[in-house]
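Read through the structure below, which is laid out as structure tokens, and then see the notes.
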Amino acid sequence: GAVSLTLTYLLPGAAWEPKHELRFQGSRPDEVHLVSYASVTQTTGEDWQDVRLSFATQSPGALIRIPELDALLLGVPGRPVARPGAGVSSFSKAKVVFEQQNLNWNGIFNPGIAPDVYARNRRTLEGVESRALETFERLSRRGTTAHFAGTGRQIVRSDGVAVRVPLGSLTLPVTEQIVAVPSSSLNAVQTAQLVNAGNGPLLPGSVALYRDNAFLGLTELDFVAEAEPFALLTGVADRIKLERVLDRRRSELVRGGSRTRMKIAFDVSARNLGAEPTRIKLMDRVPVSEDKEIRVSGIDVEPEGKPDAKGLLTWEPTLDPGQKVTYRISYILEYPTGINLSRARRRDAALNAPAAALQLDVDSQAQPAEHLYQQIGELEAQF
């Protein structure tokens with residue numbers, strides 16, 4: 001008898017990545033409008049006419065497994081646990097053939113597109129695939145997958161030109177905050193403090209910023225779970241002038257035979273050059289040692305402030321027009337003399353060592369924290 005047949009198949013040559021728009025309106029300063037899109041690119045060899053699209057961060061060929069924990073055997077060589085091989089899927093084989101024949105397919109299905117234009121679009125698609133793979137693998141490692149349905153019906157031609165498909169929009173309450181981190185940048189930045197009030201996550205991707213329909217620029221959004229707070233950079237706060245100056249009268253560097261003692265004192269200041277009172281979030285830091293050979297002591301912060309477990313300091317002053325606030329930070333570092341030279345020698349030796357010897361060296365020696373060495377080197381360079 002008569003039957004209805006539905007064919008489902010996987011097809012190489014299609015990719016998507018998340019993108020967003022954040023819009024501010026001067027008439028409603030307490031809220032913003034966030035729109036999410038899937039930017040779709042495809043060179044599959046067939047146009048998609050009047051189709052509904054749905055999107056997932058999980059590869060269709062990937063298996064979702066219950067987490068397993070193998071035995072950790074110490075000291076006794078054990079047989080490796082057998083793992084089922086992934087094998088080579090029919091999709092992988094199809095992808096190889098697709099890459100070899102795709103340009104010829106374009107000549108048949110898209111004769112009006114010049115080969116060099118199509119090749120450029122293919123390179124763009126490969127860039128989208130690479131970025132999406134990195135993003136979605138990062139989500140997969142944290143055990144997160146997300147699924148979205150595109151709105152309406154779409155036409156996506158097989159010419160490699162990107163098409164934006166709306167995924168949804170949110171109107172969110174916003175609090176604008178100025179954040180200043182003089183140790184990283186002497187530009188204070190304007191941020192939007194938000195909470196994801198939608199029914200699903202927000203995916204990592206670029207965010208186009210608009211204020212009263214004027215384009216401000218691009219920023220980046222990280223993964224945001226449902227009901228999770230997040231912040232987006234929205235511009236530079238030019239009215240806030242920042243300074244971070246080494247106070248040489250209260251700082252010194254004393255090199256001993258085996259140990260070096262460094263006393264560091266900084267003046268961190270912010271001035272409001274605007275015509276309105278402005279509240280800012282001002283941040284700085286002191287080193288935190290992760291190596292027993294490096295000691296941090298004598299931490300003193302004036303007029304007030306206490307670093308947290310990560311060594312971060314935070315103040316939230318409200319500055320009147322023209323007002324300047326200054327905080328003084330000082331601490332003492334003691335560490336082996338020539339620590340940076342020793343680090344450079346270890347690095348050079350590692351580059352010249354055989355792979356097996358390098359692995360033994362890494363496994364057998366406790367390597368001090370790289371970022372703390374970098375901090376010490378940056379501080380020494382100021383004397």
Side-chain angles (χ1 to χ4, degrees), residues 16-41 55 124 128 131 135 148-152 154 161-182 184-242 270-283 316-323:
W16 75 281
E17 61 180 335
K19 292 182 179 293
H20 311 272
E21 287 183 0
L22 189 70
R23 293 182 176 272
F24 297 81
Q25 294 295 334
S27 58
R28 295 191 171 183
D30 296 332
E31 65 182 31
V32 293
H33 194 57
L34 179 65
V35 184
S36 296
Y37 300 91
S39 179
V40 184
T41 309
F55 306 91
T124 300
V128 172
R131 292 193 298 272
T135 298
F148 302 89
T151 60
Q154 308 294 330
V161 176
V163 174
R164 292 203 313 177
V165 180
L167 297 179
S169 62
L170 294 169
T171 298
L172 303 174
V174 62
T175 301
E176 295 196 73
Q177 182 181 59
I178 293 177
V179 177
V181 187
S184 298
S185 172
L186 294 181
N187 288 322
V189 296
Q190 191 82 35
T191 66
Q193 305 292 319
L194 303 159
V195 176
N196 179 12
N199 295 322
L202 299 173
L203 293 182
S206 64
V207 183
L209 302 172
Y210 295 87
R211 188 179 294 273
D212 293 328
N213 297 322
F215 178 64
L216 301 179
L218 292 173
T219 187
E220 290 287 333
L221 177 68
D222 204 349
F223 179 85
V224 183
E226 185 179 346
E228 182 181 1
F230 64 104
L232 287 175
L233 188 150
T234 61
V236 177
D238 294 324
R239 63 186 180 278
I240 302 298
K241 180 181 179 181
L242 303 177
R271 182 191 296 273
N272 180 10
L273 303 179
E276 300 290 336
T278 303
R279 183 179 179 85
I280 69 170
K281 183 178 182 180
L282 181 64
M283 302 181 69
E316 296 193 38
T318 298
L319 303 179
D320 292 328
Q323 182 183 358

Thr318 versus Pro277, closest heavy-atom pair with distance: CG2-CB, 4.5 Å

Aromatic ring pairing Phe55/Trp16, orientation class (parallel under 30°, perpendicular over 60°, tilted between): tilted

Closest approach of Ala162 to Ser39 (non-hydrogen atoms, all atoms of both residues): CB-OG, 3.7 Å

From CA spacing to verdict: side chain to side chain donor-acceptor pair (under 3.5 Å), Thr191, Gln193: CA-CA 6 Å; Thr191 66; Gln193 305 292 319; 2.8 Å; yes

Derivation and outcome, side chain to side chain contact (heavy atoms under 4.5 Å, CB included), residues Leu34 and Asn196: CA-CA 10 Å; Leu34 179 65; Asn196 179 12; over 6 Å; no

Contacts of Tyr210 that satisfy ring-ring contact (aromatic ring centres under 6.0 Å, His included) - sequence neighbours left out: Phe215

Pairwise distance NE2(His20) to CG(Leu203) - rounded to 0.5 angstrom: 6.0 Å

Shortest non-hydrogen contact from Pro173 toward Leu194: O-CD2, 3.5 Å

Distance (rounded to the nearest 0.5 Å) between Leu273 CG and Asp238 CG: 9.5 Å

Residues that Arg164 engages under salt bridge (Lys or Arg N to Asp or Glu O under 4.0 Å), provided they are two or more places apart: Glu21

Considering all heavy atoms, the nearest Ala188-Ala180 contact: CB-CB, 4.1 Å

Separation between CD1 of Ile240 and CG of Asn272, rounded to the nearest 0.5 Å: 4.5 Å

Shortest non-hydrogen contact between Leu242 and Ala270, atoms and distance: CD2-CB, 3.7 Å

Residue of the set Val189, Leu209, Val207 for which side-chain contact (heavy atoms from CB on, under 4.5 Å) holds with Leu233: Val189

Separation between CG of Leu232 and CG of Asp222, rounded to the nearest 0.5 Å: 10.5 Å

All salt bridge (Lys or Arg N to Asp or Glu O under 4.0 Å) counterparts of Glu228, not counting sequence neighbours: none

Nearest non-hydrogen partners of Ser169 and Val35, listed with the distance: CB-CG2, 4.0 Å

Candidate pair Gln25 and Asn213, rule side chain to side chain contact (heavy atoms under 4.5 Å, CB included), full reasoning: CA-CA 8 Å; Gln25 294 295 334; Asn213 297 322; 3.9 Å; yes

Side chain to side chain contact (heavy atoms under 4.5 Å, CB included) assessment of Glu17 paired with Thr135: CA-CA 9 Å; Glu17 61 180 335; Thr135 298; over 6 Å; no

Stepwise side chain to side chain contact (heavy atoms under 4.5 Å, CB included) check, Arg239 with Ile178: CA-CA 10 Å; Arg239 63 186 180 278; Ile178 293 177; 3.3 Å; yes

Set of residues satisfying salt bridge (Lys or Arg N to Asp or Glu O under 4.0 Å) with respect to Glu220, sequence neighbours excluded: none

Straight-line distance of Leu22 CG to Thr234 OG1, nearest 0.5 Å: 8.0 Å

Within 6.0 angstrom of Asn199 CG, more than 12 heavy atoms from elsewhere: no

Partner residues of Glu316 under the salt bridge (Lys or Arg N to Asp or Glu O under 4.0 Å) criterion, sequence neighbours left out: Arg279

ring-ring contact (aromatic ring centres under 6.0 Å, His included) partners for Phe223, two or more places apart: none

Main-chain N/O of Gly26 paired with Asp212 side-chain donor or acceptor, under 3.5 Å: yes

Separation between CG of Leu202 and CG of Leu172, rounded to the nearest 0.5 Å: 8.0 Å

